Protein chains: 2
Amino acid sequence: MANSKLYKGSLNTIILKLLEEGGKMYGYEITQKVKALTKGELHITEGALYPALHKLEAQGLLDVEVAKVDNRLRKYYKLTEQGKKETVNRLAELEEFIRSMEQLLNPKWRIS
Amino acid sequence: MANSKLYKGSLNTIILKLLEEGGKMYGYEITQKVKALTKGELHITEGALYPALHKLEAQGLLDVEVAKVDNRLRKYYKLTEQGKKETVNRLAELEEFIRSMEQLLNPKWRIS
DNA sequence: TTTTATACCTAGAATTCTTATGCATAAGAA
DNA sequence: TTCTTATGCATAAGAATTCTAGGTATAAAA
């Protein structure tokens with residue numbers, strides 16, 4: 001099913017990871033990047049993305065810088081030092097979660 | 001981090017998968033099974049589990065059967081026919097989500 | 001000239017989970 | 001024997017996250 005819903009809690013980790021790799025990105029760019037990387041499977045809604053960016057900024061994990069390109073506004077976000085540290089944690093948690101889920105999904109155990 | 005939080009949306013899939021494998025299980029058994037299979041990483045809270053079971057039952061995905069063991073009550077849940085079909089869908093969605101996340105996490109793309 | 005793409009935003013609703021309780025019985029420890 | 005832990009169910013209030021549905025504006029394409 002294309003455009004599958006996000007599992008709640010994953011958006012922040014996605015944002016942080018993209019910024020870790022991409023250096024600095026603006027909101028709309030993030031939505032397009034996720035769409036491209038997942039071949040349209042994951043859809044980041046702007047109604048979730050912008051509040052999430054604002055919150056990460058308020059928490060001191062992101063810095064913002066405004067730019068004007070082609071007479072249009074862009075807000076570039078990048079990781080702060082604290083943000084870089086937190087990104088490592090969030091990624092570790094996500095990978096741990098995925099490992100746990102795979103243990104549940106792979107029925108090596110069968111019955112009990 | 002032990003006892004990591006669930007990504008919201010995953011609990012129902014966990015329940016359905018366990019019942020698919022385990023045949024019939026009761027609530028407390030599910031919490032213990034998840035703890036065991038994930039070596040304590042995932043912790044299913046009862047405050048989330050019981051409402052989830054009731055909802056799945058109301059949706060016609062689970063059947064319930066009450067039993068008394070050692071003078072204590074147990075509510076055994078098992079998949080209905082509809083529940084078995086839905087389990088296949090939910091598992092496919094979860095696996096798709098995990099694949100998508102791995103595409104985001106594995107920086108084969110680097111910068112842009 | 002109308003539509004689509006780019007680019008930002010917010011409010012309200014829905015969903016899902018956590019925390020904090022509560023009740024009751026059985027088993028184990030002190 | 002009494003206190004604690006384990007077993008087994010349950011709900012209510014709150015927090016957190018996301019979706020839906022709107023809004024504004026400019027540029028590019030149809």
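Since we're looking at a predicted model, the values are computed, not measured. Protein chains get the first letters and strands the later ones, always in sequence-line order, with residue 1 at the start of each.
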Margin query: Using only atom types and a distance under 3.5 Å, with no angle test, would you say the side chain of Ser10(B) pairs donor to acceptor with the backbone of Leu6(B)?
Written below: no
Check: Rounding to a whole Å, what distance do you find between Glu93(A):CD and dT17(D):P?
Finding: 12 Å
Check: Charged N to carboxylate O below 4.0 Å: is that the case for Glu81(B) and Lys85(B)?
Finding: no
Notebook entry, point to check: Quick one: Lys33(A) NZ to dA7(C) C1', roughly how many Å, whole number?
Noted result: 18 Å
Can you give me the N/O atom pairs linking the protein to nucleotides 14-16 of chain D at distances under 3.5 Å, or say none if there are none?
residue, atom, partner, partner atom, Å
dA16(D), N3, Lys8(B), NZ, 3.0

Checklist line | Side-chain donor/acceptor of Thr80(A) to backbone N/O of Leu61(A), under 3.5 Å | finding: yes
Checklist line | Interatomic distance where CG belongs to Leu49(A) and C1' belongs to dT10(C) [whole Å] | finding: 14 Å
Margin query: Quick one, Leu105(B) and Lys17(A) - any side-chain contact, counting heavy atoms below 4.5 Å?
Written below: yes
Next item on the list: Calculate the interatomic distance between Leu56(A) atom CG and dT18(D) atom C1'; express it in whole Å.
Entry: 14 Å
Could you list all N or O pairs between the protein and nucleotides 20-24 of chain D that sit under 3.5 Å apart?
residue, atom, partner, partner atom, Å
dT20(D), OP1, Lys5(A), NZ, 2.9

Notebook entry, point to check: Is any side-chain nitrogen or oxygen of Tyr50(B) closer than 4.0 Å to OP1 or OP2 of dA10(D)?
Noted result: no
Item checked: Minimum heavy-atom distance between Ile98(A) and Met101(B), given as atom pair plus value -> CD1-CB, 4.3 Å
Notebook entry, point to check: Rounded to whole angstroms, how far apart are NE2 on His54(B) and C1' on dA12(D)?
Noted result: 14 Å
Notebook entry, point to check: Is there a side chain to side chain contact (heavy atoms under 4.5 Å, CB included) between Tyr77(B) and Asp63(B) once you walk through the steps?
Noted result: CA-CA 6 Å; Tyr77(B) 291 90; Asp63(B) 271 343; over 6 Å; no
Checklist line | Sugar-phosphate, base or nothing in reach of Ser10(B), heavy atoms under 4.0 Å | finding: sugar-phosphate
Notebook entry, point to check: In the hydrophobic clustering (ILVMFWY, side-chain contacts below 4.5 Å, transitive), which residues join Val66(A), or is it alone?
Noted result: Leu73(A)
Next item on the list: Would you tell me if any nitrogen or oxygen in the side chain of Tyr26(B) comes within less than 4.0 Å of OP1 or OP2 on dG8(D)?
Entry: yes
Notebook entry, point to check: Do Leu16(A) and Leu91(A) come close enough that some side-chain heavy atom pair is under 4.5 Å?
Noted result: no
Check: Is Tyr28(B) near enough to dC9(D) that one of its side-chain N or O atoms lies under 4.0 angstrom from OP1 or OP2?
Finding: no
Next item on the list: Could you identify which residues of residues 65-79 of chain A place a heavy atom less than 4.0 Å from some atom of DNA chain C, listed by residue number, or say none?
Entry: Arg72(A), Leu73(A), Arg74(A), Lys75(A)
Item checked: Salt bridge flag under 4.0 Å for residues Arg90(B) and Glu86(B) -> yes
Notebook entry, point to check: Are Arg99(A) and Glu102(A) ion-paired here, with the side-chain N under 4.0 Å from a carboxylate O?
Noted result: no
Notebook entry, point to check: Got Leu18(B) and Leu37(B) here, is their nearest side-chain heavy-atom distance under 4.5 Å?
Noted result: yes
Checklist line | Distance below 4.0 Å between His43(A) side-chain N/O and dT18(D) OP1 or OP2 | finding: no
Item checked: Helical stems, DNA chain C - three or more consecutive Watson-Crick or G-U wobble pairs below 3.5 Å -> C:1-30 with D:1-30
Margin query: In whole Å, I'd like the distance from the CE atom of Met25(B) to the C1' atom of dT7(D).
Written below: 15 Å
Item checked: Leu53(B) CG - dC17(C) P separation (whole Å) -> 12 Å
Notebook entry, point to check: Could you walk me through whether Glu96(B) and Glu93(B) pass the side chain to side chain contact (heavy atoms under 4.5 Å, CB included) check?
Noted result: CA-CA 5 Å; Glu96(B) 194 170 275; Glu93(B) 279 175 24; 5.6 Å; no
Item checked: Earlier contact from the 5' end, DNA chain D, for Pro51(A) and Gln32(B) -> Gln32(B)
Checklist line | Beyond-backbone contact of Glu41(B) with Lys35(B), side-chain heavy atoms, under 4.5 angstrom | finding: no
Margin query: Using whole Å, what does the distance between atom C1' of nucleotide dC17(C) and atom CG of Asn12(B) come to?
Written below: 11 Å
Next item on the list: Determine which pairs satisfy ring-ring contact (aromatic ring centres under 6.0 Å, His included) with at least one residue from residues 5-27 of chain B, sequence neighbours left out, and list them in order.
Entry: Phe97(A)-Tyr7(B), Tyr26(B)-Tyr76(B)
